[in-house]
Amino acid sequence: MNNFLESTSQGLYCIPGDFHIDPHSPVERAVVTHAHSDHARWGCQKYLAAKPCEQLLRLRMSPEAEFRFLPYGETLTVGGVRVSFHPAGHILGSAQIRLEYQGQVGLITGDYKLGTDPTCEAWQPVRCHWMVSESTFGLPIYRWPSQEGVFQSINQWWQECRDAGKCCLLYGYAIGKSQRLLAGLDPTIGRIYCHGAVEKGNEAYRRTGIALPETTYVGSVAGKHDWRGTMVVAVPSVHGTPWVKKFGRCSTAMSSGWMAVRGARRRRSVDRGFVLSDHVDWQSLLTAIDACNPETVWLTHGYAASVARYLVEQGRDARVLDSRGRSEVDEDAADEVSSNERANASIDPAPGEAKTP
Amino acid sequence: MIRFAALFDAIDRTTKTNEKLAALVQYFGDANHADAAWATYFLSGYKLKQLVPTKLLRIWAAEEASIPSWLFEESYHSVGDLAETLTLIVPPGEGPDDLSLSQWVEQRLMPLRAMEEVDQRDAVITIWKQSHTQVRLVILKLITGAFRLGVSKSIVTRAIAEHAGVSSDVISHRLMGIWKPTASFFQNLISKEVQDTIASQPFPFCLAHPIDHELGPECIGPAKDFVAEWKWDGIRGQVIRRNEQVFIWSRGEDLMENSWPEIESAAQLLPNGTVLDGEILASLGENQVLPFANLQKRIGRKAVSNKLLKEVPVVFQAFDLLQDAGEDIRSQTFSERRQRLEQLLSSIDHPNLCCTQLLQGTTWDEWAKIRDRSRETNAEGLMLKRLDASYEVGRVRGVWWKWKVTPYTIDAVLIYAQKGHGKRSGLYTDYTFAVWDGDTLVPFAKAYSGLDDSQMKAVDKFVRQNTRESFGPVRSVAPALVMEIAFEGLQRSPRHKSGIATRFPRIVRWRQDKKPEEANTLAELIDLLPSIE
Ligand SMILES: [Zn+2]
Ligand SMILES: [Zn+2]
């Protein structure tokens, strides 16, 4: 890519610093943007991440690994490369990684979103010479509705279910989405219960000092229980499994950026789909790139080719980051997007004449 | 309009029939007659003729979203639904929505068609500016003529019946034929008083249930309670003779005018007040039925040429009599109706209007043997009808059964894949299959149903990892997966590379036990062609 960053089958590699960024497989030294499993891989020897990411990363990585955490904005020099972390607004502790080497500034955004989120620090622009940006939702059909409006609909749905004597099952990834949902729920409507993986995430959030409404671990409820009117926040992978049977009559909902499109909503076969994403939508992606104003922007994830082509037409030097080594399968489908959505998002048909048989 | 959009949402959201029904009943309870009439119209599957060319809508949407047209097309490809893409891509509007469904349709949508392009553009952009997602989607679906809702006609009928307190059969009959979606129509539709039949109005069709191949016919009862007829592959229709006029309706409730002059002229001989149910068939004479492909040549022609009349002669094979001498006899038993049918048709004695043959047999075994010979006569199998049953509305269990011959099957290799639409959008679920011709694979069928969700995902993953080339949305993949493809019939077709077109191809199972070289050959496929073409 340039004199200090290389795209390898194991992910991005910083040549003078001799470390990988969000590696795809276990490596010696990993600098990670955030604790989601497709970014922080299990089995690396050393991890470097932003300070607010500590609780989540320790929760998910092997305790045998060596960890180091840097507060946002502080710099560490590794092999002549100045490394610092800057808020990405994606989930708690998520960071954009700034690398400076011989007067050149590079930025790797990791996953990010603009706007406010009560559970993490807001994204900040970082001026740079080149930038690697995610483009998971890089199509103009993705335009996030206001967060307030979405929470209003979620709480209204809860109220309606309560009045109809149903239990609400709300699906979100174990860390990040679930806590953002919790922070937006109105606890005066009823009691909130969480799936085990979510509850672990909650604890890490609370230890970091993020306020969340009171929750109860579903597994701690013994025997027969009246679930009517309650809200259960769970990971999407439990949908349709025997685990959900105990709640009796319930209404299910998925919250994700993919829910903007009806086809994706139907494929999930949930009763409701709430459009709530922790990634940039089309407009905020363009806004972010303009704010960081790099000479070159590399796009990765999702509709990278479309975004790159659009930016080039707008006069920017934009390229698709070749990430062939990247696994299309998310081991932990319960977090982040599911593997098929990831797969769906990461390949786009090559342009060319349609030749149908 | 908000109410109608909410109904659309509520039905779209659920797969449960009782929830759909409840949403419909509530809608009909809340809506005024004019709105309810339009809702009934759209829910019955009727569409407004295209109001604005979709080509223009795409251009204007791209302009409003400030994006190039290629990006619009890519977005469309990702969403898989044009109206939805047009809804999502233009920044959301705001504004009052105090117009009701009928006002929207009559005042704002229908006038679009006659407008000049510039005025159309202004009107459409105003609609965008004044609508938010939920309402906008429904409006654009109406404008593009793509409004479709996952709700069957029988559920809509039941909902209206429940709302009106009138029986479903009556509502169903009143919804047949041609009607205009007006307040007064809806008022009559739900009226408790009996109305006179409109001359052209057909009766709701009685539909057959399939017999499960594994279970066989024994499960439907003793053979002596049934009669058997050939199940022909033609066009189901009703021939109506009333007020000196003849009307021929298809099962899709299209009035077929001028398409079947030989049947029309034969039907002139029927007495007024007659309704026959039967099948239009291409036929060279007594039971010399030709494959459906021949009939296809006569469909969709404005006028039938003399040459075509000679080449593809048609007959109406009646199998039921619904109205006789002005009397609705649907509640009589099959035996009684059949007797009256035979009497009526023998009194006319016209070669283009005949009666189906009842097949000899008294046991399931005897009929099974006859059924095995279906393909020799170009039939699809047998129809079994209960002797003591009345003529029911819709697909009522236990009255009529179709016992089809087991479909043809071929093991084929998956060679192309394309992303699906709707429920399957985003996944590679539309496949093209090929058979061997020497050492090359020749595509012969497209199929997109038959796999369960987990298999669909597995194939999707395979496609992504084994793509050889991409041609626009289509990917060619390494020939590795073998699937068993079933189809109802086949015919020669110069438009297909293989020279063969199959009817209703679908995936029966994924043959993970087979290697691609074990798939069938083109010669084996050609062997299945019918003997009388
Ligand atoms: Zn993430
Ligand atoms: Zn990610």
Side-chain angles (χ1 to χ4, degrees), chain A residues 137-146 149 240 251-253 258 260-273 275 281-283 286 302-303 305-307 309-310 312-314 324 327-329 333 338-357, chain B residues 12-15 19 62 65-68 70-72 74-81 84-85 87-92 132-133 137 150 415-416 418-428 432 434 442-444 446 453 456-457 460-461 464-465 467 469-476 496-497:
Chain A
F137 291 101
L139 279 183
I141 47 170
Y142 294 109
R143 181 187 292 103
W144 307 147
S146 85
S251 178
T252 54
W258 302 110
V261 175
R262 291 188 313 147
R265 212 147 66 210
R266 255 178 261 145
R267 209 165 57 234
R268 279 283 183 185
S269 60
V270 285
D271 299 319
R272 298 293 296 265
V275 185
D281 62 2
W282 171 258
Q283 197 50 55
L286 300 182
Y303 300 94
S306 308
V307 177
R309 181 173 168 192
Y310 176 81
V312 167
E313 287 181 5
Q314 302 293 307
R324 259 176 306 188
S327 141
E328 287 200 348
V329 184
S338 77
S339 56
N340 82 58
E341 283 165 345
R342 154 92 48 232
N344 172 27
S346 49
I347 300 180
D348 242 27
E353 205 194 331
K355 213 193 289 172
T356 46
Chain B
D12 192 44
R13 203 179 279 161
T14 179
T15 51
E19 287 180 9
S66 319
I67 55 162
W70 64 263
L71 188 51
F72 179 89
E74 274 187 29
S75 300
Y76 170 39
H77 187 239
S78 169
V79 175
D81 179 317
E84 193 176 351
T85 312
T87 300
L88 292 173
I89 219 153
V90 177
H132 41 76
T133 319
L137 178 65
I415 58 165
Y416 300 112
Q418 192 170 356
K419 284 186 189 171
H421 280 189
K423 194 178 179 211
R424 304 181 304 271
S425 86
L427 289 178
Y428 283 92
T432 302
V442 192
F444 82 101
K446 286 187 177 192
D453 281 4
M456 240 188 241
K457 281 182 188 159
D460 176 76
K461 191 175 157 199
R464 290 169 200 279
Q465 291 172 347
T467 297
E469 281 175 279
S470 300
F471 319 105
V474 179
R475 290 176 165 216
S476 79
H496 291 73
K497 260 194 200 152

### Query
Roughly how far, to the nearest 0.5 Å, is the CG atom of L139(A) from the CZ atom of F72(B)?
11.5 Å
### Query
If you round to the nearest 0.5 Å, how far is CH2 of W282(A) from OG of S75(B)?
7.5 Å
What is the minimum heavy-atom distance between [X] and [Y], and which atoms define it?
{"X": "P68(B)", "Y": "E313(A)", "answer": "CG-OE1, 3.6 Å"}
{"X": "Y310(A)", "Y": "S66(B)", "answer": "OH-O, 3.8 Å"}
{"X": "P91(B)", "Y": "R143(A)", "answer": "N-NH2, 3.4 Å"}

### Message
Here's a test for you: under side-chain contact (heavy atoms from CB on, under 4.5 Å), which of L88(B), T85(B), D81(B) qualifies with V261(A)?
### Response
L88(B)
### Summary
The side-chain contact (heavy atoms from CB on, under 4.5 Å) partner of R262(A) among V79(B), T87(B), D12(B) is D12(B)
### Task
Begin from the C-alpha positions of R309(A) and W70(B) and carry the test side-chain contact (heavy atoms from CB on, under 4.5 Å) through to its verdict.
CA-CA 10 Å; R309(A) 181 173 168 192; W70(B) 64 263; 3.3 Å; yes
